[in-house]
Protein chains: 2
Amino acid sequence: MHTSAVEDYLKAVCEIGRTEETVTTSALAARLDVSPASVTGMVKKLAVMKLVTYERYYGVALTNAGRRIAIEVIRHHRLVETYLHEALGVPWDEVHAEAEKWEHVLSEDVEARMDEALGHPTNDPHGAPIPTPTLELVEPDWPPLARMDAGTKAVVAEVSDDDPELLRYVGGLGLYPGTALEVISSAPYSDGPVTVRVLDGDQRGAEHAVGHRAAAHLFVRDVK
Amino acid sequence: MHTSAVEDYLKAVCEIGRTEETVTTSALAARLDVSPASVTGMVKKLAVMKLVTYERYYGVALTNAGRRIAIEVIRHHRLVETYLHEALGVPWDEVHAEAEKWEHVLSEDVEARMDEALGHPTNDPHGAPIPTPTLELVEPDWPPLARMDAGTKAVVAEVSDDDPELLRYVGGLGLYPGTALEVISSAPYSDGPVTVRVLDGDQRGAEHAVGHRAAAHLFVRDVK
DNA sequence: GTTAATTTTTAGTCTTCCCTAAAACAACTG
DNA sequence: CAGTTGTTTTAGGGAAGACTAAAAATTAAC
Ligand SMILES: [Mn+2]
Ligand SMILES: [Mn+2]
Ligand SMILES: [Mn+2]
Ligand SMILES: [Mn+2]
């Protein structure tokens with residue numbers, strides 16, 4: 001088996017690779033809250049273990065073996081988040097921190113039982129897709145709310161899950177995955193707020209000014 | 001916070017202290033599957049942290065601070081075992097290994113939610129008492145079945161939880177905590193089997209010869 | 001009451017994962 | 001294309017937790 005440090009590194013490579021072309025040492029250091037020198041050291045070990053390919057100054061990429069482990073950990077993480085939320089009522093801003101620990105200790109047997117108990121969910125409480133048991137994962141790249149024009153109707157697809165305060169804020173506005181909304185006004189190239197009307201859920205009809213930072217971490221899919 | 005190594009040591013001191021007068025280095029080494037030299041090193045660190053008192057060649061004892069941590073970990077362990085068994089249907093011979101890992105990562109919030117979801121259970125699937133939220137724990141020392149005389153009627157109180165094979169064997173005989181039985185024949189000072197009639201549960205009426213090792217790890221309370 | 005066997009401790013290492021400070025390198029900038 | 005800036009690597013260490021081998025203390029055996 002692998003240490004949880006190894007699992008966290010591989011997961012981070014996978015997650016950064018979702019948006020960035022190349023995964024750099026400093027991007028990993030920032031995400032894992034670790035010094036760049038530590039990343040260099042660990043990445044060299046991962047390369048020896050054939051879990052990543054790595055060329056100095058050119059970044060890191062997962063091998064097939066490394067990707068399998070990364071997706072396994074992501075499956076654990078998102079399944080645990082979903083289980084904590086659905087079965088135990090843990091609020092959506094707290095599940096991430098707990099899952100960050102559980103993902104490393106969950107057995108395959110209990111993973112399967114959670115999946116079964118939940119009826120094989122496809123998305124976690126923040127809208128992110130849960131990898132299949134055979135470790136397939138497609139992560140669509142929804143545009144952030146911040147980039148939508150006034151007049152657009154859209155549905156919340158996914159919210160970044162690692163900032164509890166942001167999640168409480170967004171939740172307070174009634175903007176959960178699946179919630180429909182209409183963009184009232186938007187200031188695309190500034191850092192101003194995006195005003196939306198909520199069309200769904202407990203805040204149905206309400207109009208909210210969504211701060212820029214939140215709008216950048218809230219992803220939507222268009223509705224024709 | 002403490003490392004899981006620290007938590008495991010404190011738990012082991014507490015558990016050995018349940019039956020033994022003094023907790024020796026070698027007893028800890030055997031239970032934790034670690035060399036005696038490693039135990040000496042760790043125990044010195046625990047003494048510096050004021051979690052145990054320790055005198056060379058005379059063994060280890062928990063301080064109040066150390067006992068609190070130990071019982072907290074035991075509460076986590078037994079609550080997780082119960083939750084896995086009741087809520088997810090994990091068989092009673094598998095819950096221990098999983099709980100051994102989960103006990104170190106469970107937050108107080110999720111602990112409370114599991115407790116609530118289960119209706120504040122008092123005993124884990126093996127019959128061991130679950131410490132209260134305020135960390136009170138009384139562990140009665142039931143006599144083992146191996147020491148019961150022929151003719152005695154008794155109820156299964158607790159079964160050792162760390163040997164899956166033994167649990168499968170005992171479970172196959174229908175002997176779960178709460179099951180009533182009658183001792184048909186017993187060979188107290190030999191290592192022969194104890195023959196019992198099951199008075200309860202799915203094996204009601206059956207007669208079984210319980211092997212000596214199992215009878216030594218199966219604890220009962222008398223019934224008048 | 002010595003000697004022998006057992007238990008415990010000391011001494012010296014190893015591995016894993018992280019750190020800081022300084023040197024090396026790559027990429028802009030004018 | 002020389003200088004500035006930012007990134008990455010090297011060099012040197014540290015904390016945890018474990019190990020082996022050998023010394024010391026305790027206990028058991030003649
Ligand atoms: Mn993690
Ligand atoms: Mn999530
Ligand atoms: Mn443990
Ligand atoms: Mn148990």
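Just so it is clear, the model here is predicted, and its values are computed rather than measured.
Although no hydrogens or angles enter the test, the distance criterion places a donor-acceptor pair under 3.5 Å between the side chain of A/Arg113 and the main chain of B/Leu88. The backbone N or O of A/Gly59 sits nowhere less than 3.5 Å from a side-chain atom of A/Thr22 that would complete a donor-acceptor pair. Between the side chain of A/Arg75 and the backbone N or O of A/Leu135, no donor-acceptor pair lies under 3.5 Å.
For A/Val6, the side-chain atoms get nearest to C/dC17 when compared with the rest of C/dC17, D/dA16, D/dA18. The side chain of A/Ala5 has C/dC17 as its nearest neighbour among C/dC17, D/dA18, C/dT20.
In this structure, B/Leu28 atom CG and D/dG17 atom P are separated by 15 Å, rounded to whole Å. To the nearest angstrom, P of C/dT16 lies 10 Å from CE of A/Met42.
Remark: B/Lys45 is not in phosphate contact with D/dA16, judged by side-chain N or O atoms under 4.0 Å from OP1 or OP2. The shortest distance between the side-chain N/O atoms of A/Ser35 and the OP1/OP2 oxygens of C/dC19 is below 4.0 Å.
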Take nucleotides 7-13 of chain D nucleotide by nucleotide from the 5' end and write B, S or -, depending on whether a protein heavy atom sits under 4.0 Å from the base, only from the sugar-phosphate, or from neither.
SBBB---
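Among B/Glu103, B/Glu72, B/Glu100, B/Glu139, the one residue that satisfies the salt bridge (Lys or Arg N to Asp or Glu O under 4.0 Å) test with B/Arg78 is B/Glu139.
Scored by the side chain to side chain contact (heavy atoms under 4.5 Å, CB included) test, B/Thr134 finds B/Thr132, B/Glu136 as partners (sequence neighbours excluded).
In this structure, B/Trp102 and A/Trp102 have tilted ring planes: the angle between them lies in the 30° to 60° band.
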